4 protein chains.
Amino acid sequence: MATARTTAAERRRQILDAAVRVFARQGFHTCRVSDIADEAGVAYGLLYHYFRSKDEVLDTLFLERWDVMVELIEQVDARTELTAREKLAAITSFIIDSYRHDPDLMKVVIVEVTRAANTFGRTHLDAINRAYGSIAKIIEKGMASGELRDTITPQFAAMTFYGAIEQALTGWIFDMLPTGDESFEQIKGFVVDTICGGLDARPAPDPPAGV
Amino acid sequence: MATARTTAAERRRQILDAAVRVFARQGFHTCRVSDIADEAGVAYGLLYHYFRSKDEVLDTLFLERWDVMVELIEQVDARTELTAREKLAAITSFIIDSYRHDPDLMKVVIVEVTRAANTFGRTHLDAINRAYGSIAKIIEKGMASGELRDTITPQFAAMTFYGAIEQALTGWIFDMLPTGDESFEQIKGFVVDTICGGLDARPAPDPPAGV
Amino acid sequence: MATARTTAAERRRQILDAAVRVFARQGFHTCRVSDIADEAGVAYGLLYHYFRSKDEVLDTLFLERWDVMVELIEQVDARTELTAREKLAAITSFIIDSYRHDPDLMKVVIVEVTRAANTFGRTHLDAINRAYGSIAKIIEKGMASGELRDTITPQFAAMTFYGAIEQALTGWIFDMLPTGDESFEQIKGFVVDTICGGLDARPAPDPPAGV
Amino acid sequence: MATARTTAAERRRQILDAAVRVFARQGFHTCRVSDIADEAGVAYGLLYHYFRSKDEVLDTLFLERWDVMVELIEQVDARTELTAREKLAAITSFIIDSYRHDPDLMKVVIVEVTRAANTFGRTHLDAINRAYGSIAKIIEKGMASGELRDTITPQFAAMTFYGAIEQALTGWIFDMLPTGDESFEQIKGFVVDTICGGLDARPAPDPPAGV
DNA sequence: GATGAATGAGTATTCATTCAT
DNA sequence: GATGAATGAATACTCATTCAT
């Protein structure tokens, strides 16, 4: 009799986890609140004890995940021993592993928020821009140190880099790319190689002078 | 001898043009059929003389535009005097000019179809893949001729290239990039430079042998 | 160049005939005005040159047919050489032959008008009652002459008689009775035999005294 | 200790009862779902908690009533002490009393289903035929025992019998027959007398041999 | 906390009818 | 006469949200 069967926090999490599966499967606009409740095994009225609205469920899911990602980017940036390319590789790895670990959640984050210019994307524009900004800072430092070319703006480079990752995730979401551990690792390499190395053939860049 | 006031084809176009504006402004899911009709200045019943449903209006808009783009890509590919990089530059230029010329239409194509994994994106997956495939062919030839590195698959390279363009368009759609003629031209260069040249600093590639 | 290709009366008839087929196939409420026009091979706007409304088409079809039937009943009644049973047999034969000759029309008359208590049946109640009344008169005379029993009212007898015929037609309409010439003739006999002779087993009635 | 204000079953019944009144008054096709809800004193959305569609409301009403009738017919048939005529009289009495007790419901059953050859009649053809079949069995036994003439098929006799009853109900529905207890009882007798005794005048059938 | 009955705003679609050509 | 584009009234149904129990 010591522990309650289900704590409030657990119930809330139970609903959020169900919502991820339902949003990923049916899409935010197409699913019903009762679909989420069914998936969670609770009455649909209960959802309104934990969230103000259906929108708030998606907002919560997005921000939970996005904040982790932004924090990771900032932590990576703080590791001064890494080159810019290594930092970008770390970020790529983290995001792709996030998808590998919970594809439903990442699908929801991207499809329902990040790319929804008329609805949630607009709402969370600040959060999205924060991520771009953090990446841009990494690139800016790489440019300053001479590691990266400064022929484009760091902001645009950040957008392209993040866009390449998102495009890869989209490939998985649309079943255009193969899944499987090797595939995930291969694509990680592709992303960094393409963005940093470019498509053009040419001799490998000179190793940094004094190293 | 006066011309007929409005032909059937003109009315149809009138409705499609109105739909573009309304979809861009409010989003497909958020707007009402009557909003389109109001914007077009016709009774909403008339929409059903020209289209089977609201969905069909969006499908029509998307395919009209997408087919033009796929055709352009194939035409570019056929110009054997161009290098792969020049072909990619031509495609980039065309798509960005498309946005510059009719931002509402491109916004609808991207936001409501291309990136809508749970609804129209899934429907038009074949059309979308046809575009990727055509770009991949260009890249494949570039790899075969030695112009491009073949360390990644042409398919992935195509996705990343197209993703970079779409990300730029998204930047304009979200008001994250400045508009204006110079900006458009600058971004064109950024896209090709980033994708082909990469972010890494290094000596310019050796000039082709016999030139 | 002497005759117009199609006279107004012919066009009108063409539309009415098409309407019969469409009403029979789809039902009055379920079919569209354009279905009738398509079946007739004319533009749907033309229907409104010949009829005030969709309702009027059905009204016209019903009254055309019903008036013929009422007139037939009255003509039969006038033939004083016939017994009541012979008169009823003649009416039965006429109605069943009407169905045999044009099942669609009779289906429409019965299903869409005669039995539609909430719509057209109420509208044409007078016409319907005129038929009952004429049949009742035949029965009344049969009762007066001693040919028929007068234990029930002529009005009720007329309803039951007509109801038996309509029930037979309904059997054909619902595919519950076999079609084919013999079947039609057999049912004619059944109707008169059942209504006049009853279901009870017993000796044939005595022949009329002085005959 | 107060009882719950309204149970789910009661609400459902409340809606069904309201639907009967509305269907009888306005007809199924002519009434709106909100008319039913208004009559029941509930929000129209609630109707969709208890029924999948407007159609299902009518289906439910019909089957509820029709199943009771078929069961009654079978129970009557099982009473071996009754003659066929007595069985038919019992069925007639039951159906006419059903109308007397709830004319709206019987009107809906007949007008909107039983006689609606293009819509619900077709849907419920099996149920309708089950009733005919049970009546035909009664008649068949009567023929086998020599009580009834076997000059027509039991199936046709059943149709005519049921048709006579339905015609009587139609007479009330169309206000062509007087209402009032005596009238109901009189018509009961008329139906059985007409169907069993026939219209022809003749001596009463011989009493069964050994009685 | 938990339930699900109750509410009613919101919308795509149909189709009879009109009328300019 | 003939056409079919144009109109807009009419309606079933969905579903987020509330709230009594």
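Values below: all heavy atoms of this structure, side chains included; hydrogens, waters and symmetry mates excluded. Note that the coordinates shown come from a computational prediction; the quantities given were computed from them, not determined experimentally. Quick note on labels: first sequence line is chain A, next is B, and so on, each numbered from 1.
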Nearest whole angstrom, please: distance from the P of dC15(F) to the CG of L46(D).
17 Å
Hey, mind stepping through R11(A) and H49(A) against side-chain contact (heavy atoms from CB on, under 4.5 Å) and telling me if it holds?
CA-CA 10 Å; R11(A) 269 276 190 265; H49(A) 271 273; over 6 Å; no
Expressed as a whole number of angstroms, how long is the span from D38(B):CG to dA12(E):C1'?
15 Å
I need the CD1-P distance between I36(D) and dA12(F), as an integer number of Å.
8 Å
Checking dT17(F), dT14(F), dG4(E) against the side chain of Y48(A) (C-beta onward), the nearest is dT17(F)
Name the stems with DNA chain F in them: runs of three or more consecutive Watson-Crick or G-U pairs, distances under 3.5 Å?
E:2-21 with F:2-21
Nearest-Å distance for atom pair CZ/P, residues R11(A) and dG1(E)
9 Å
E56(B) CD to dA12(E) P, straight-line distance once rounded to whole Å
16 Å
Can you tell me how far apart CG (L16(C)) and CZ (F51(C)) are? Round to the nearest 0.5 Å.
3.5 Å
S53(C) near the nucleic acid: base, sugar-phosphate alone, or nothing, with a heavy-atom cut-off under 4.0 Å?
sugar-phosphate
Would you kindly give the NZ-to-P distance between K54(D) and dT14(F), to the nearest whole Å?
15 Å
Should D17(B) and R13(B) count as an ion pair when the cut-off is N to O under 4.0 Å?
yes
For K54(B) and V33(B), indicate whether the former's side chain and the latter's backbone hold a donor-acceptor pair under 3.5 Å.
no
I want to confirm an ordering. Mapping H29(C) and G45(D) to their closest nucleotides on DNA chain E, which one lands closer to the 5' end?
G45(D)
DNA chain E nearest-nucleotide lookup for V33(B) and Y50(D): closer to the 5′ end is Y50(D)
side-chain contact (heavy atoms from CB on, under 4.5 Å) for N118(B) and F23(A)? Distances and angles first, verdict last.
CA-CA 9 Å; N118(B) 288 310; F23(A) 289 161; over 6 Å; no
In plain terms, say whether D175(D) and R122(C) are close enough for a salt bridge, that is, a side-chain N and a carboxylate O under 4.0 Å apart.
yes
What is the distance, rounded to the nearest whole Å, between atom CZ of F51(C) and atom P of dT18(E)?
15 Å
Is there a donor on the side chain of Y44(D) or the base of dG10(E) sitting less than 3.5 Å from an acceptor on the other?
yes
Please work out whether the ring planes of F28(D) and F120(D) are parallel, tilted or perpendicular, with thresholds of 30° and 60°.
perpendicular
Base of dA5(E) paired with side chain of H49(D) (donor-acceptor, under 3.5 Å):
no
Quick check: on DNA chain F, is the nucleotide nearest D55(D) upstream (toward 5') of the one nearest G41(C), or the reverse? Name the residue that is more 5'.
G41(C)
Provide, to the nearest angstrom, the distance between the CD atom belonging to E10(A) and the C1' atom belonging to dG1(E).
14 Å
Within the 4.0 Å heavy-atom criterion, would you say A8(A) contacts the bases, only the backbone, or no part of the nucleic acid?
sugar-phosphate
